[in-house]
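Counting starts at 1 for both ligands and their atoms, in listed order. The first residue in the sequence is number 1, and the count goes up from there.
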Amino acid sequence: MADQFNVLVICGSLRKGSYNAALTRALPGLAPPEIKLVTAPPFETLPLYNADIQEASGFPGAAENLAAAIRAADGVLFVSPEYNWSMPGGLKNAIDWVSRMKDQPFEAKPVAIQSCSQGPLGGGRMQYHWRMSMTFLKAHIFGTPEVFVGNAASKFDKTSLELTDQGTKDAVKAQLAAFAKFITKMKR
Ligand SMILES: Cc1cc2nc3c(=O)[nH]c(=O)nc-3n(C[C@H](O)[C@H](O)[C@H](O)COP(=O)(O)O)c2cc1C
């Protein structure tokens, strides 16, 4: 059996009925055997990044926990909505906190992204901003195939929020298979 990779999943939406969270729940059924998905520790308790807090009391526990989970993972998969053409503030804040650590956890880490939005473009504009931040943080950024889930309300069951759209399932499956190959290559 080939190596198995731990892939940490960071969901950018905090709301209960989130389509992005619903997509994360569909991932285990679509991942190849080489990928084991691990849910990231919560980041919503983090204060807004402030260097004064960092200097006075160090990094908050939630930032340390998230950084440790990123370091321990073979790869990181972000699944996030687009807010005002960019990343949600809470997600950006979490990235900002861990980015100030000495052993910056995204450096040389294979990272990939999926996005769900209720608009037709599926969060594509947010993905550009995410790519910019990940470039600055020296992550190994996965390219294609990309996953944009537009008009999300029509792709999930209205009651259970189970992913029902076959095209989306196929796209996610193809991306996860390619991401496993990408991680293998990066580890060589
Ligand atoms: C503050 C805010 C900004 C938004 N901006 C965008 C946007 O720029 N593009 C877009 O396609 N949808 C935008 N939306 C709509 C989201 O696509 C929609 O709320 C989506 O369901 C959020 O993802 P979630 O279901 O995982 O929470 C925005 C929603 C909020 C709350």
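- Gln175 contributes a side-chain N or O that, together with a main-chain N or O of Ile113, makes up a donor-acceptor pair within less than 3.5 Å.
- Residue-ligand proximity, Asn20 to ligand 1, at heavy-atom distances under 4.0 Å covers atoms 23 (O), 24 (P), 26 (O).
- The one candidate from Trp130, Phe179, Phe43 that meets the ring-ring contact (aromatic ring centres under 6.0 Å, His included) condition with Phe78 is Trp130.
- Between Met101 and Ala67, the shortest heavy-atom contact is SD-CB, 3.4 Å.
- For the residues Phe156, Tyr83, Phe148, the heavy atom positioned nearest atom 2 (C) of ligand 1 is part of Tyr83.
- For atom 8 (O) of ligand 1, the nearest protein heavy atom (residue, atom name, distance) is Trp85 N, 2.8 Å.
- Within the 4.0 angstrom cut-off, atom 15 (C) of ligand 1 has no protein heavy-atom neighbours.
- The shortest contact between atom 21 (O) of ligand 1 and any protein heavy atom is with Gln118 NE2, 2.9 Å.
- Scanning the protein heavy atoms around atom 11 (O) of ligand 1, the nearest turns out to be Ser117 OG, 2.9 Å.
- Within ligand 1, counting atoms from 1 as listed, the ones closer than 4.0 Å to a heavy atom of Ser18 are 24 (P), 25 (O), 26 (O), 27 (O).
- Contacts of Ser13 with ligand 1, taken as heavy-atom pairs under 4.0 Å, involve the side chain alone.
- A salt bridge between Glu82 and Arg125 is present, with a side-chain N of the basic residue lying under 4.0 Å from a carboxylate O of the acidic one.
- Summary of contacts: the protein heavy atom closest to atom 5 (N) of ligand 1 is Asn84 N, 2.8 Å.
- Across the listed options Arg125, Lys16, Glu82, Arg15, Glu82 owns the non-hydrogen atom lying nearest to atom 7 (C) of ligand 1.
- With respect to the salt-bridge test (charged N to carboxylate O, under 4.0 angstrom), the residues Arg100 and Asp96 do not qualify.
- Tested against Val111, the residues Phe182, Phe142, Phe106 include a single side chain to side chain contact (heavy atoms under 4.5 Å, CB included) partner, Phe106.
- When each of Cys11, Ser13, Pro88, Ser18 is checked for a side chain to side chain contact (heavy atoms under 4.5 Å, CB included) with Ser80, only Pro88 meets the rule.
- Of all protein heavy atoms, the one lying nearest to atom 22 (C) of ligand 1 is Pro81 CB, 3.6 Å.
- Taking a 6.0 Å sphere around NZ of Lys173, one finds it holds 12 or fewer heavy atoms contributed by other residues, nucleotides or ligands.
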